[in-house]
Chemist: 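Dropping the structure in here first, questions after.
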Amino acid sequence: SLGTNPVFEPVGKTDSERAFCWLLTQIRGHGVRRLAGVGWPELHQWIGQLDDIGTINLLMTDGQDLLAYRDATGFNSLWI
């Protein structure tokens, strides 16, 4: 479940904004400020949860590390 009491709240009403805020809340819940502080296995599990709900492609950075994820079913793609 994506929860009903998020720490971060979307400005708009898109599912992408809600998913991003949920992901930020998960990271904050680990008490870290960097993606590396969470680690790939945990990040992958969280993104997998989002991917199970729908489709997700994302690029996310904390200013030093870059996270890139392509939807498990290949929906759309990531481009440089």
Side-chain angles (χ1 to χ4, degrees):
S1 163
L2 295 184
T4 57
N5 261 341
V7 173
F8 298 93
E9 295 184 27
V11 175
K13 297 184 185 294
T14 67
D15 57 348
S16 297
E17 289 177 77
R18 287 186 16 237
F20 182 66
C21 289
W22 178 82
L23 193 53
L24 290 176
T25 299
Q26 298 302 106
I27 292 168
R28 184 176 186 267
H30 263 63
V32 300
R33 298 176 56 97
R34 303 283 314 283
L35 294 171
V38 175
W40 173 243
E42 191 76 19
L43 288 167
H44 190 257
Q45 179 185 5
W46 294 336
I47 296 167
Q49 286 180 267
L50 294 172
D51 208 359
D52 287 343
I53 294 170
T55 57
I56 186 167
N57 293 305
L58 69 85
L59 294 172
M60 181 178 184
T61 184
D62 59 16
Q64 186 163 353
D65 295 311
L66 174 65
L67 167 64
Y69 181 87
R70 181 176 179 216
D71 181 74
T73 64
F75 178 78
N76 286 335
S77 197
L78 297 176
W79 302 92
I80 296 177

Chemist: Residues two or more places apart in sequence or in another chain: which of them pass side chain to side chain contact (heavy atoms under 4.5 Å, CB included) with Asn76?
Modeler: Asn57
Chemist: Rounded to the nearest 0.5 Å, what separation is found between the OH atom of Tyr69 and the CG atom of Leu23?
Modeler: 12.0 Å
Chemist: To the nearest 0.5 Å, how far apart are CD in Gln49 and CD1 in Ile56?
Modeler: 11.0 Å
Chemist: To the nearest 0.5 Å, tell me how far Glu9 CD sits from Leu24 CG.
Modeler: 12.5 Å
Chemist: Between side-chain atoms of residues 32-43 and protein atoms elsewhere (two or more places apart, or another chain), which donor-acceptor pairs fall under 3.5 Å?
Modeler:
from, atom 1, to, atom 2, distance (Å)
Arg34, NE, Asp62, OD2, 3.1
Arg34, NH1, Gln64, OE1, 3.4
Arg34, NH2, Gln64, OE1, 3.1
Arg34, NH2, Asp65, OD2, 3.0
Glu42, OE2, Trp46, NE1, 3.1

Chemist: Testing the basics here: between Pro10 and Cys21, what is the closest heavy-atom pair and its distance to 0.1 Å?
Modeler: N-SG, 3.4 Å
Chemist: Which distance, rounded to the nearest 0.5 Å, do you find between the OG1 of Thr55 and the CG of Asp15?
Modeler: 8.0 Å
Chemist: Would you please name every residue forming a side-chain hydrogen bond (donor to acceptor under 3.5 Å, both in side chains) with Glu17, sequence neighbours left out?
Modeler: Thr14
Chemist: Are Met60 and Phe20 packed together at the side-chain level, in the sense that at least one heavy-atom pair is separated by less than 4.5 angstrom?
Modeler: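 Result yes, sub-4.5 Å side-chain heavy-atom pair found.
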Chemist: Name the residue from Asp71, Leu67, Asp51 that meets the side-chain contact (heavy atoms from CB on, under 4.5 Å) definition with Leu58.
Modeler: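 Among Asp71, Leu67, Asp51, the one meeting side-chain contact (heavy atoms from CB on, under 4.5 Å) with Leu58 is Leu67.
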